[in-house]
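Below is one structure, written out as C-alpha cells, with a few remarks after it.
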Amino acid sequence: MTERESAERAASMILRARDCVRRYKNHTREHGKTFMILGGLREYESRTGHPVTITEIARHSGLAVPNVGRLLKPLEEAGLLRREKQGRTVHVAITPQGDALLAEQREDFLRDVTASLSALDGRERDIFLACGEKLLARLEEHLQNQSAGDIGC
C-alpha cells in the first residue's frame, strides 16, 4: 500500500469515527449534545491541565466568542457549567452536577466502546490504542503548527 493509499484509508477511518460519534450523540436523545460538550471540556482539561477558556473554545471550534457563550448558556442555566472570570479571561468549569451527569453518560459510552473493542484480541487492542494515540498526537501537533494555533482537534 502506498503512503497516499494509507493516508486515504486513515482519513476515511477518522471521518467514519467522527460520524459514529455524531450518531451516538443523536442516539442518546436529549443529553447527547450535553455529553459531547461536557466530555470535550473534560478531555481538554485532562490534556492541558487547566479549564478551557471561552476564547479557546472559539478558536478550536471556529465559532465567534458570542456564539460560544450562547451555546454554553443553557448548560450554565441547567447548573452543569459555570464561568469563572479571572481578569479578562473567562474559564469554563464543569459543576459537580455536570460531573455527575457526565459520569453517568460516560459509563454508557464506555460500555459501547468496550463492546466494540471486543472485536480485537488483547494484543490487537494494545496496538490499536498505542497507534491511535500516537497518530492523534501527531495530527494535533501538525494542525497546531500548520495554523499557528487557530485550528485543532
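By convention here, the first residue in the shown sequence is residue 1.
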Got a second to check how far [X]'s [atom1] is from [Y]'s [atom2], nearest 0.5 Å?
{"X": "Leu129", "Y": "Glu124", "atom1": "CG", "atom2": "CD", "value": "11.5 Å"}
{"X": "Glu45", "Y": "Glu43", "atom1": "CD", "atom2": "CD", "value": "10.5 Å"}
{"X": "Leu136", "Y": "Glu141", "atom1": "CG", "atom2": "CD", "value": "12.5 Å"}
{"X": "Leu71", "Y": "Ile57", "atom1": "CG", "atom2": "CD1", "value": "9.5 Å"}

I want to check something: taking the side chain as every heavy atom from C-beta on, are [X] and [Y] in contact at a cut-off of under 4.5 Å?
{"X": "Leu139", "Y": "Ile14", "answer": "yes"}
{"X": "Met1", "Y": "Arg9", "answer": "yes"}
{"X": "Leu38", "Y": "Asp99", "answer": "no"}

Partner residues of Arg88 under the side-chain contact (heavy atoms from CB on, under 4.5 Å) criterion, sequence neighbours left out: none
Enclosure of Glu77 CD (heavy-atom neighbours >12, cutoff 6.0 Å): yes
Atom CZ of Arg42 with >12 non-hydrogen neighbours under 6.0 angstrom: yes
For Phe109, all residues meeting ring pair (Phe, Tyr, Trp, His ring centres under 6.0 Å), sequence neighbours excluded: Tyr24, Phe35
Minimum-distance pair of heavy atoms, taken over all atoms of Ala58 and Ala64: CB-C, 4.3 Å
Thr53 (side chain) donor-acceptor with Val90 (main chain) under 3.5 angstrom: no
Contacts of type salt bridge (Lys or Arg N to Asp or Glu O under 4.0 Å), residue Asp121, not counting sequence neighbours: none
Criterion salt bridge (Lys or Arg N to Asp or Glu O under 4.0 Å) on Glu76 and Arg82, from CA distance to verdict: CA-CA 6 Å; Glu76 192 175 13; Arg82 71 176 173 276; over 6 Å; no
Side chain to side chain contact (heavy atoms under 4.5 Å, CB included) between Val68 and Val92, worked out: CA-CA 11 Å; Val68 171; Val92 178; over 6 Å; no
